[in-house]
Amino acid sequence: MSPVDFDSDDDKPLRAPNGGSNGHHHPNGNGHVPTQQRALSSMSDDEMPLATQDSSPLPATRTLKRKKPVYAESSSDDSEDDTPLAATPAKVAVAMPGAIQATTVPANGKGKAKSNVSKAAVSDDEYADSDAPKRKRAAKPKAKPPKKKVKQESSDDDDDKPLAAKKPSTSRKRKVKVESDVESDDEPIAKKAAAKKPRKVKSEETEKPPAKVKAEANGSATVKAEANGSPVKGKGKKKEKEKKEDEEQEEVFRWWDADAGDGSVKWQTLEHNGVIFPPPYESLPPNVKMKYNGKELDLPPASEEVAGFYAALIESDHAKDAKFNENFFNDWKTVLKKYPPLDNTKVTNFDLCDFRPMFEYFEAEKAKKKALSAAEKKELKKIKDDMEAKYTTCLLDGRKEKVGNFRVEPPGLFRGRGEHPKKGALKFRVRPEDISLNIGDNAPVPVPNIPGKWKEVIHDNTVTWLATWTENVNGNHKYVFLAAGSSLKGQSDMIKFEKARELKNHVDKIRQNYTQDLKSKVMADRQRATTMYFIDKLALRAGNEKGEDEADTVGCCSLRCEHVTLEAPNFIIFDFLGKDSIRYYNRVPVDAQVFKNIRIFKENKSDNDSLFDRVNTTGLNKHLQSEMKGLTAKVFRTFNASSTFQRLLDENTLENATLQEKLNAYNKANREVAILCNHRRTVPKTHEQSMEKVRDKQRGLKYDRMKLRHVLFKMDKKFRKKAEYQEDESDIDDEWIVSHEEDKMAKEIEKAEKKFAKENEKLTDDGKEAQDDSELKDRIANIKAEFKRLAKERGTGEAELTREKPAEKIEEAIQKLTEKIKASKLQIIDRDEGKEVALGTSKINYLDPRITAAWCKIHDVPVEKLFSKTLIVKFPWAMEVEEDWKF
DNA sequence: GAATATACTTAGAAGGGTCGAT
DNA sequence: ATCGACCCTTCTAAGTATATTC
């Protein structure tokens with residue numbers, strides 16, 4: 001059985017429609033949410049085997065996750081200056097004029113320390129409104145007493161206890177605070193750092209063939225020379241195909257033809273130029289000042305920069321977000337404390353701030369840039385490209401490879417998705433002192449393009465990153481990796497898909513096993529089986545635990561009771577926020593046992609308790625490994641997406657279809673996968689409007705075709721009988737025709753006027769006399785007469801052309817229009833159905849590119865129609881498949 | 001064994017570039 | 001040649017997975 005059709009009612013894949021309102025979510029049919037829910041609680045569970053062991057299904061109340069706030073400690077008032085963290089950046093500031101490090105603000109500190117104490121205080125009614133669809137996990141603060149949980153644990157048999165992690169008290173992981181280790185400033189950080197870092201620095205004295213590689217590297221550094229005809233590299237692969245200046249194209253390393261390495265060592269030699277830092281902050285011109293309480297505010301660069309971050313956003317949705325504003329303002333105030341306005345104005349009230357002058361200045365600058373001539377823009381771009389050139393590539397084992405994100409993230413305001421508690425917080429400027437480099441130990445250590453020294457330089461060839469740093473807002477790690485088209489990324493991508501294909505060979509057994517386990521007497525196993533069922537059928541994400549200072553989103557293992565609703569006899573309604581706070585709403589029929597299980601799992605729990613309190617992703621993956629080597633939860637998503645795609649393509653592509661029809665079949669399959677994976681985008685504001693435009697255009701085509709038919713009818717009655725001319729233009733009515741003709745006339749007149757004016761201009765330029773206005777009048781009169789005739793023709797079923805044409809020509813023209821109309825119909829459907837589905841994500845990450853490559857070969861479709869240039873560069877390894885290749 | 005650290009993949013928004021219609 | 005819709009790239013946030021630490 002295919003991975004998705006467990007739904008016996010109709011074997012469409014279960015999809016994950018979009019949230020809410022717009023109706024296109026229910027593939028399975030008119031799904032509307034039933035009014036009656038939880039009718040089942042009364043059902044007795046005959047085979048509720050768990051009873052004994054689980055007699056107290058004590059829900060480990062999953063209190064909220066949430067990690068501790070990174071900087072939350074100082075609850076005291078405003079001594080933020082003293083916060084240790086602040087110190088670090090500040091230091092640098094001195095040394096670097098303009099580079100505002102100032103932004104030392106400890107991401108909003110204090111305050112909201114929802115101490116556990118306060119949590120305890122939260123009353124239960126916070127959970128009370130269970131039917132409120134919005135799962136506000138509001139309760140973050142609360143830590144429900146572990147109550148029975150303890151008991152339960154003891155009573156359960158070992159295998160069966162709730163995972164400790166989910167105990168309320170344990171709550172979630174927290175991220176470690178960002179340390180400012182810059183202390184030891186100026187030491188020869190390089191080697192020493194590596195030493196102190198226990199990390200896997202094994203690379204230190206690994207054997208490598210430096211000499212040889214080195215030589216090669218040097219050679220390839222001179223790409224130019226090479227392009228000129230003297231291949232420096234010894235690779236031999238480089239045939240003379242250099243013809244076009246495909247210098248960047250240079251020989252692609254055909255790693256997929258080479259021997260696979262061991263896997264853990266990622267490279268032997270690595271040379272690169274580090275990262276590029278954004279330019280230091282430049283103050284605004286003196287005439288641009290924001291206002292506070294109506295008065296101009298004279299800000300030092302450090303605080304002006306931060307104000308500018310916000311000013312740029314005042315027209316965006318972010319500025320409408322209270323949390324965003326609050327976080328920004330707190331952080332900005334901290335900066336202001338250190339870098340106050342010159343006149344010492346106290347900025348205390350957000351509502352008194354007027355950032356508009358700054359905003360307008362930015363807009364004007366943007367406009368200025370846009371107004372530059374093409375040549376000027378090109379020039380600027382070239383300057384930038386030249387400056388960045390050396391950072392764009394690196395030498396990996398002597399081969400030139402593209403680097404991905406070599407630009408260090410500039411400072412700004414953190415734009416968290418959804419209800420992220422830190423959104424709007426100030427993200428500091430990153431300095432060399434924050435960055436660790438990873439580079440071959442024989443490679444020269446690059447010098448930062450701004451003053452400063454790297455935090456450390458290590459030589460770890462078991463990882464692929466070139467640089468890393470820790471971001472201050474959430475303490476997350478950032479990395480610089482190679483680009484998507486690099487050999488390293490390509491290899492792991494191919495491995496990913498091969499692993500997903502391997503799952504084909506095990507999936508039957510795995511399904512058999514978990515189907516068994518759905519009835520297991522061991523609660524933990526039963527829950528695990530149920531999560532596997534969802535992950536397999538619905539392609540849900542694994543659902544790791546999240547910390548307290550993150551948006552409240554969930555995946556399969558972290559679902560809470562409030563996220564699933566039962567609807568008899570066998571439907572489950574999922575409604576939760578997943579990755580990126582994208583809503584997942586899906587009403588699906590499920591196996592009777594699954595239905596029963598969910599009912600059991602929900603028993604005696606409150607809405608914000610974990611549904612699968614005995615399952616976590618680590619345990620789940622461990623189990624999966626035992627079913628198939630290398631299997632993890634995410635493999636199911638890849639597997640489901642790619643196999644669904646392959647099947648749909650096979651089913652939907654008709655042999656003799658036109659190119660457009662084939663493309664549509666492809667996009668349709670792509671779209672179904674995107675729906676399965678719940679990949680969404682916000683509907684462009686202009687969508688409806690542009691739909692109407694296209695529809696109108698299509699009606700125009702139909703109108704033209706109708707007119708041509710009428711011409712034929714007038715020429716010879718026999719045409720009226722021809723079957724292909726019987727069809728009616730159903731969606732153009734008389735009213736529309738009238739307005740269409742009027743429109744058309746107006747446009748033609750306007751065109752005639754323009755043309756006339758142009759002709760006259762030309763004449764006078766040539767020193768001749770301009771035409772008389774009467775000429776224009778004549779022309780317009782002609783047009784009007786023409787349209788008068790059209791008006792008369794209305795309803796007669798007959799028409800004539802301004803210029804006569806032979807019947808065959810007209811028939812040909814009709815044929816062409818028919819094709820155009822057909823194509824446009826398809827396009828319209830395609831577009832409307834896809835308005836909120838993002839196809840790109842699945843194409844980039846989930847669909848085995850070999851499916852596409854093979855399909856293109858069989859159906860004679862140029863792959864460029866489906867893959868952008870970057871995708872083609874990303875998937876070189878897939879382009880050579882045999883046409884009969886199947887996922 | 002939970003918490004944390006690390007490294008890598010997956011994700012939508014924003015903004016810029018391109019391309020087709022006029 | 002201009003304009004605007006849309007496609008693509010860029011950016012960086014937000015996941016997954018597993019190793020390491022306490």
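Throughout, a chain's letter reflects where its sequence line sits, starting with A, and its residues are numbered from 1.
Residues A/N405 and A/E864 each lie close to DNA chain C; by heavy-atom proximity, the contact nearer the 5' end of the strand is made by A/E864. Between A/S842 and A/K381, the one whose closest nucleotide on DNA chain B sits nearer the 5' end is A/S842. Closest-nucleotide positions on DNA chain B for A/T638 and A/K377 were compared, and the one nearer the 5' end corresponds to A/T638.
Atom CD1 of A/I844 and atom C1' of C/dC11 are 13 Å apart (whole Å). When the P atom of B/dG12 is taken as reference, atom CG of A/L577 falls 13 Å away, rounded to whole Å. Taking atom NZ of residue A/K843 and atom P of nucleotide B/dT10, one finds them 17 Å apart after rounding to whole Å. In this structure, A/N621 places its CG atom 16 Å from P of B/dT9, rounding to the nearest Å. In this structure, A/F481 places its CZ atom 10 Å from C1' of B/dT6, rounding to the nearest Å. Nucleotide B/dA14 holds its C1' atom 16 Å from the CD atom of A/E315, rounded to whole Å. Rounded to a whole Å, the CD atom of A/E545 is 16 Å from the P atom of C/dT18. In this entry the distance linking CD of A/Q491 with C1' of B/dC8 reads 15 Å, nearest Å.
At a threshold of 4.0 angstrom between heavy atoms, the contacts of A/Y846 are confined to the sugar-phosphate backbone, with no base atom among them. Within 4.0 Å of A/T464, counting heavy atoms only, lie sugar-phosphate atoms of the nucleic acid but no base atom. Backbone-only contact: A/I582 has heavy atoms under 4.0 Å from sugar-phosphate atoms and none from a base. Backbone-only engagement by A/K266 is indicated by non-hydrogen atom pairs under 4.0 Å involving sugar-phosphate atoms exclusively.
Regarding contacts with the backbone of C/dC7, every side-chain N or O of A/S868 stays at 4.0 angstrom or more from both OP1 and OP2. Note on A/R637: a side-chain N or O is less than 4.0 Å away from OP1 or OP2 of B/dA11. Applying the 4.0 Å criterion to OP1 and OP2 of B/dA7, one finds that A/Y479 has a side-chain N or O inside that range. Phosphate proximity of B/dG12 to A/T841: present, with a side-chain N or O under 4.0 Å from OP1 or OP2.
In this structure, A/F406 CZ and A/Y391 OH are separated by 10.0 Å, a value rounded to the nearest 0.5 Å. Atom CG of A/D385 is separated from atom NZ of A/K382 by 8.5 Å, given to the nearest 0.5 angstrom.
Taking a 4.0 Å limit (strictly below) on heavy-atom distances, residues 624-636 of chain A reaches DNA chain C at A/Q625, A/T632, A/A633, A/K634.
Within 6.0 Å of atom NZ in A/K377, more than 12 heavy atoms from other residues, nucleotides or ligands are found, so the atom counts as buried in its surroundings.
The only option from A/K579, A/E419, A/K546 that meets the side chain to side chain donor-acceptor pair (under 3.5 Å) definition with A/T553 turns out to be A/K546.
Proximity note for A/T870 (side chain, C-beta onward) versus C/dT9, C/dC11, B/dA11: the nearest is C/dT9. The A/N845 side chain lies nearest to B/dT10 when the options are C/dT9, B/dT10, B/dC8. Distance from the side chain of A/T682 is smallest for B/dA13 among the nucleotides C/dT10, B/dC8, B/dA13.
Partners of A/S642 by side chain to side chain donor-acceptor pair (under 3.5 Å), not counting sequence neighbours: none found.
A distance-only check finds a donor-acceptor pair linking the side chain of A/K422 to the backbone of A/V473 [under 3.5 Å]. A donor-acceptor pair under 3.5 Å is absent between the side-chain atoms of A/N438 and the main chain of A/T464, judged by distance alone. Between the side chain of A/E471 and the backbone N or O of A/K478 there is no donor-acceptor pair closer than 3.5 Å.
Of all heavy-atom pairs spanning A/E627 and A/M532, the tightest one is OE2-CE, 4.2 Å.
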- Message: Assess the residue pair A/Y584 and A/L540 against the criterion (side chain to side chain contact (heavy atoms under 4.5 Å, CB included)); give the C-alpha distance rounded to whole Å, side-chain angles, the decisive distance to 0.1 Å, and a yes or no.
- Response: CA-CA 10 Å; A/Y584 181 97; A/L540 297 190; 3.7 Å; yes

Mind listing the N/O atom pairs, protein and nucleotides 13-15 of chain C, below 3.5 Å?
residue : atom : partner : partner atom : Å
C/dA13  : OP1  : A/K427  : NZ           : 3.0
C/dA13  : OP2  : A/K478  : NZ           : 2.3
C/dA14  : OP1  : A/R417  : N            : 2.6
C/dA14  : O4'  : A/D580  : OD1          : 3.4
C/dG15  : OP1  : A/T553  : OG1          : 2.8
C/dG15  : OP1  : A/D580  : N            : 3.1
C/dG15  : OP2  : A/K546  : NZ           : 2.5

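A salt bridge links A/E388 with A/R407: at least one charged nitrogen is closer than 4.0 Å to a carboxylate oxygen.
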